[in-house]
Visitor: 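Just passing along the structure, written as structure tokens.
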Amino acid sequence: MKKLILTFSFLVLLFGTLQASVSIIPMPQKCIEKRGNFTVNDKTVITLSVDNEEMRNAVSFWNDLFDMAAGFSLEVSSTPRSSNVICCRLNTALPNEESYKLTVSSSSIHIDAKTPKGIFYAFQTLRQLLPSAIESDKQVVEKKKMEHPLCGDRRFACILLSRSDA
């Protein structure tokens with residue numbers, strides 16, 4: 001039975017890896033790659049559709065990590081902007097509390113999430129999309145659209161990954 005579970009886990013991971021060329025954990029349910037990039041600079045602003053402590057906490061972890069790597073943090077504001085912005089919006093139409101949609105264009109990054117928890121997870125995906133040489137090149141990946149993880153429970157995805165390494 002254990003071999004069957006491990007084999008199934010491996011096949012799920014293999015199938016998910018073959019579907020998209022981006023390496024994101026957990027694998028998004030849907031990913032559309034396009035050409036282009038968004039450059040984060042010291043004038044880039046993170047805007048929040050709902051400006052409260054929960055939303056600010058959702059972005060602060062990423063912003064702190066970005067500050068350590070890039071040497072500057074991004075302003076967080078509730079004032080809408082049209083360009084050079086990472087726009088975070090709540091969208092209750094998304095299926096579950098961890099759901100998010102991440103869209104990157106040359107002028108902005110839009111994150112739609114059902115809850116601040118989804119905003120947090122979208123920023124973790126964004127973190128994985130940043131180039132490894134962030135200290136010298138702050139360009140974020142090509143245009144991509146992502147939604148909630150392929151696996152509905154993030155803990156399940158982590159268990160599959162840790163067991164497949166054994």
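What you see is a predicted model, and the numbers here were worked out from it, not measured in a lab.
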Visitor: If I take atom CZ from residue F38 and atom OG from residue S106, how far apart are they, to the nearest 0.5 angstrom?
Guide: 9.0 Å

Visitor: For S82 versus S107, what's the shortest heavy-atom pair and its separation?
Guide: O-OG, 4.3 Å

Visitor: Under a single-linkage definition using a 4.5 Å side-chain heavy-atom cutoff for Ile, Leu, Val, Met, Phe, Trp and Tyr, are L48 and V85 assigned to the same hydrophobic cluster?
Guide: no

Visitor: Only counting residues at least two apart or in another chain, list the ones meeting salt bridge (charged side-chain N to carboxylate O under 4.0 Å, His left out) with R89.
Guide: D112

Visitor: Report the distance from atom CG of N96 to atom CG of L94, rounding to the nearest 0.5 Å.
Guide: 8.5 Å

Visitor: When rounded to the nearest 0.5 angstrom, what is the spacing between CZ in F123 and CZ in F66?
Guide: 11.0 Å

Visitor: Between F120 and M55, is there shared hydrophobic-cluster membership here, with clusters defined by ILVMFWY side-chain heavy atoms closer than 4.5 Å?
Guide: yes

Visitor: In Å and rounded to the nearest 0.5 Å, what is the CD1 to CG distance from I109 to L129?
Guide: 8.5 Å

Visitor: Partners of K117 by side chain to side chain contact (heavy atoms under 4.5 Å, CB included), sequence neighbours excluded?
Guide: E97, E98, T115, Y121

Visitor: I need the N91 CG to I119 CD1 distance, nearest 0.5 Å.
Guide: 10.0 Å

Visitor: Under the salt bridge (charged side-chain N to carboxylate O under 4.0 Å, His left out) test, which residues partner D51, sequence neighbours left out?
Guide: R56

Visitor: Hey, are the side chains of P116 and N57 touching, using non-hydrogen atoms and a 4.5 Å cut-off?
Guide: no

Visitor: Which atom pair, heavy atoms only, marks the closest approach of T39 to N37?
Guide: OG1-OD1, 3.8 Å

Visitor: List the atom pairs, donor and acceptor, that lie under 3.5 Å between side-chain atoms in residues 68-77 and the rest of the protein, sequence neighbours left out.
Guide:
residue: S77; atom: OG; partner: T79; partner atom: N; Å: 2.9
residue: S77; atom: OG; partner: T79; partner atom: OG1; Å: 3.4

Visitor: Distance only, no hydrogens: is a donor on one side chain within 3.5 Å (strictly under) of an acceptor on the other, for S60 and N63?
Guide: no

Visitor: Over all heavy atoms of both residues, which pair between L102 and A122 is shortest? Give the atoms and the distance, please.
Guide: CD2-O, 4.3 Å

Visitor: For the residue pair T47 and C87, what are the closest heavy atoms and their distance?
Guide: OG1-CA, 3.4 Å

Visitor: Are any of the side-chain heavy atoms of F61 and R127 separated by less than 4.5 Å?
Guide: yes

Visitor: With sequence neighbours left out, what residues match E54 under side-chain hydrogen bond (donor to acceptor under 3.5 Å, both in side chains)?
Guide: none

